[in-house]
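Fair warning: this is a prediction, and the values are worked out from it, not measured in the lab.
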Amino acid sequence: MTCFTSRPSAMTAILISCSASTLSAQETDIGPRDVPARIIPTPEGLSKAGRALIAQPFWLAFWNEHPASADVWKAYEAGSVEQIEVVLADLRESLGVTMKQVEMGGVNAYILTPETIPAAHEGQLIVNAHGGAYVFGSGASGTFEATLMAAYGGYRVLAFDYSMAPEAPYPAALDDDAAAWEAVLEHHEPEQVAFTGTSAGGALIVAMTQRLVAEGLPVPAAVAVNTPWVDLTGSGDSLSVNEGVDNVLVSYDGFLSDAARIYAGDTALTVPGVSPIYGNFAGFPPTLLITGTRDLLLSDTVRTQRALRQAGVEANIQIFEAFSHEQYLFDPVAPETLEIFAEITGFLDAHLAP
């Protein structure tokens with residue numbers, strides 16, 4: 001059917017008529033869209049370092065593996081911890097950040113302190129939950145983002161070493177973070193604290209904030225989450241559109257879907273504590289969300305921002321050109337990485353009490 005009119009005053013009616021006709025013809029055939037195979041170039045307009053990140057082949061050699069047992073998951077995690085901790089030790093030295101292991105509410109944690117703390121940041125604290133699909137990032141290996149937040153933001157950062165699957169499925173991580181938050185409140189006013197996290201850590205921050213609101217407990221002054229994994233059911237447009245385009249996660253049908261089920265344990269994936277996108281966003285503090293156009297979880301971030309806005313919450317989203325899932329963490333000195341942490345710092349400075 002061809003729909004055309006030269007009368008602008010009739011355009012609205014014509015469009016409605018055409019739309020109704022199209023839907024009527026297709027209402028029994030709303031299937032997936034086939035797209036041709038294509039080559040996706042590395043876009044211009046990025047830094048040399050940013051282009052190098054985007055042009056890399058798949059970062060995770062095991063993205064499409066399906067560990068058959070808890071022992072295999074543990075072996076994967078153990079194999080990465082030692083290497084990452086060596087890298088982080090060098091990173092802390094180069095950035096002038098010190099790390100101290102502490103206990104908060106019975107939970108292991110690390111305090112990352114920059115060489116210099118601006119006067120306005122004295123007394124403030126950033127609480128960070130690391131990423132890693134709830135199965136990676138134990139011990140000090142989960143302090144990468146916290147280290148950069150301390151160095152580039154000039155904040156004292158507390159990074160929780162929360163319990164992880166497969167040994168400790170939901171709600172162990174959420175319980176750990178809630179216990180640690182109670183301990184934080186013994187030393188800090190909530191107006192001087194912000195929550196941050198990436199990927200699974202970002203989702204954990206969202207779920208914990210929902211829990212605090214539901215229980216009538218104090219929430220922080222601000223939340224900043226990067227590409228939060230808020231929907232473990234595997235829904236969302238970008239999980240199809242960016243499959244194979246995201247060179248970090250690659251596909252939800254790889255290890256990620258297995259990690260979701262292992263973390264959830266006997267709990268349904270749609271329970272808000274597991275997938276906080278299905279929870280209540282009312283009562284949240286101002287929130288910043290960050291993602292990239294090639295992020296497999298772009299939809300998770302976009303949907304979270306919409307849910308926050310619909311709940312009347314101030315929610316700002318920053319979407320970076322061509323970046324895959326949490327890719328800014330892979331080069332700590334790339335201009336795009338510095339820009340992202342400047343965005344986070346500016347946002348937190350606008351909302352944290354001095």
Side-chain angles (χ1 to χ4, degrees), residues 104-105 109 118 120-131 145-146 149-150 153-160 162 173-174 176-230 272-273 275-291 300-319 340-354:
M104 298 294 292
H121 293 178
E122 282 291 350
Q124 296 178 344
L125 182 71
I126 308 303
V127 173
N128 178 260
H130 66 81
E145 182 185 19
M149 195 72 247
Y155 298 103
R156 188 174 286 106
V157 182
L158 178 68
F160 293 145
Y162 55 83
L174 194 55
D176 281 354
D177 281 10
W181 174 235
E182 289 184 19
V184 167
L185 291 176
E186 296 176 3
H187 306 282
H188 295 271
E189 297 297 324
E191 294 81 9
Q192 293 183 303
V193 183
F195 287 167
T196 66
T198 290
S199 192
L204 193 57
I205 290 298
V206 174
M208 182 164 74
T209 306
Q210 289 176 338
R211 175 169 168 171
L212 295 176
V213 172
E215 296 179 356
L217 299 174
V219 298
V223 167
V225 288
N226 305 323
T227 180
W229 188 23
V230 294
S275 296
I277 193 63
Y278 301 106
N280 186 357
F281 287 85
F284 264 62
T287 301
L288 173 68
L289 302 108
I290 292 174
T291 183
D300 282 39
T301 312
V302 169
R303 293 164 66 199
T304 301
Q305 196 243 4
R306 297 315 311 156
L308 286 161
R309 295 282 294 170
Q310 290 162 6
V313 177
E314 176 189 337
N316 181 6
I317 188 168
Q318 299 283 333
I319 304 176
I340 284 172
F341 280 94
E343 289 280 0
I344 298 172
T345 302
F347 177 80
L348 298 183
D349 283 348
H351 293 94
L352 288 175

Can you check whether [X] reaches [Y] side chain to side chain, under 4.5 Å on heavy atoms?
X	Y	result
Val302	Ile317	yes
Ile319	Thr301	no
Leu174	Met208	yes
Asn280	Pro272	no
Val127	Phe160	yes
Thr209	Phe281	no
Tyr155	Asp349	yes
Ile344	Asn226	yes

Treating [X] as the side-chain partner and [Y] as the backbone partner, does any N or O pair qualify as donor plus acceptor under 3.5 Å?
X	Y	answer
Gln318	Ile290	no
Gln124	Arg156	no
Ser275	Gly273	no
His130	Gly201	no
His351	Ala222	no
Gln192	Pro354	yes

Got a second to check how far [X]'s [atom1] is from [Y]'s [atom2], nearest 0.5 Å?
X	Y	atom1	atom2	value
Asp177	Met104	CG	CE	11.5 Å
Leu125	His187	CG	NE2	10.5 Å
Ile277	Trp229	CD1	CH2	14.5 Å
Leu352	Thr345	CG	OG1	10.5 Å
Glu145	Thr196	CD	OG1	5.0 Å
Met149	Phe341	CE	CZ	6.5 Å

Exercise: identify the closest heavy-atom pair between [X] and [Y]:
X	Y	answer
Val313	Pro285	CG1-O, 3.4 Å
Ala150	Val157	N-CG2, 3.7 Å
Ala282	Val213	O-CG1, 3.4 Å
Pro218	Pro190	CB-CG, 4.0 Å
Ala194	Pro220	CA-CB, 4.0 Å
Val193	Trp181	CG1-CZ3, 3.6 Å

| remark: The side-chain contact (heavy atoms from CB on, under 4.5 Å) partner of Thr227 among Leu289, Thr198, Asp300 is Thr198

| note | The side-chain contact (heavy atoms from CB on, under 4.5 Å) partner of Phe195 among Val219, Asn128, Leu212, Val206 is Leu212

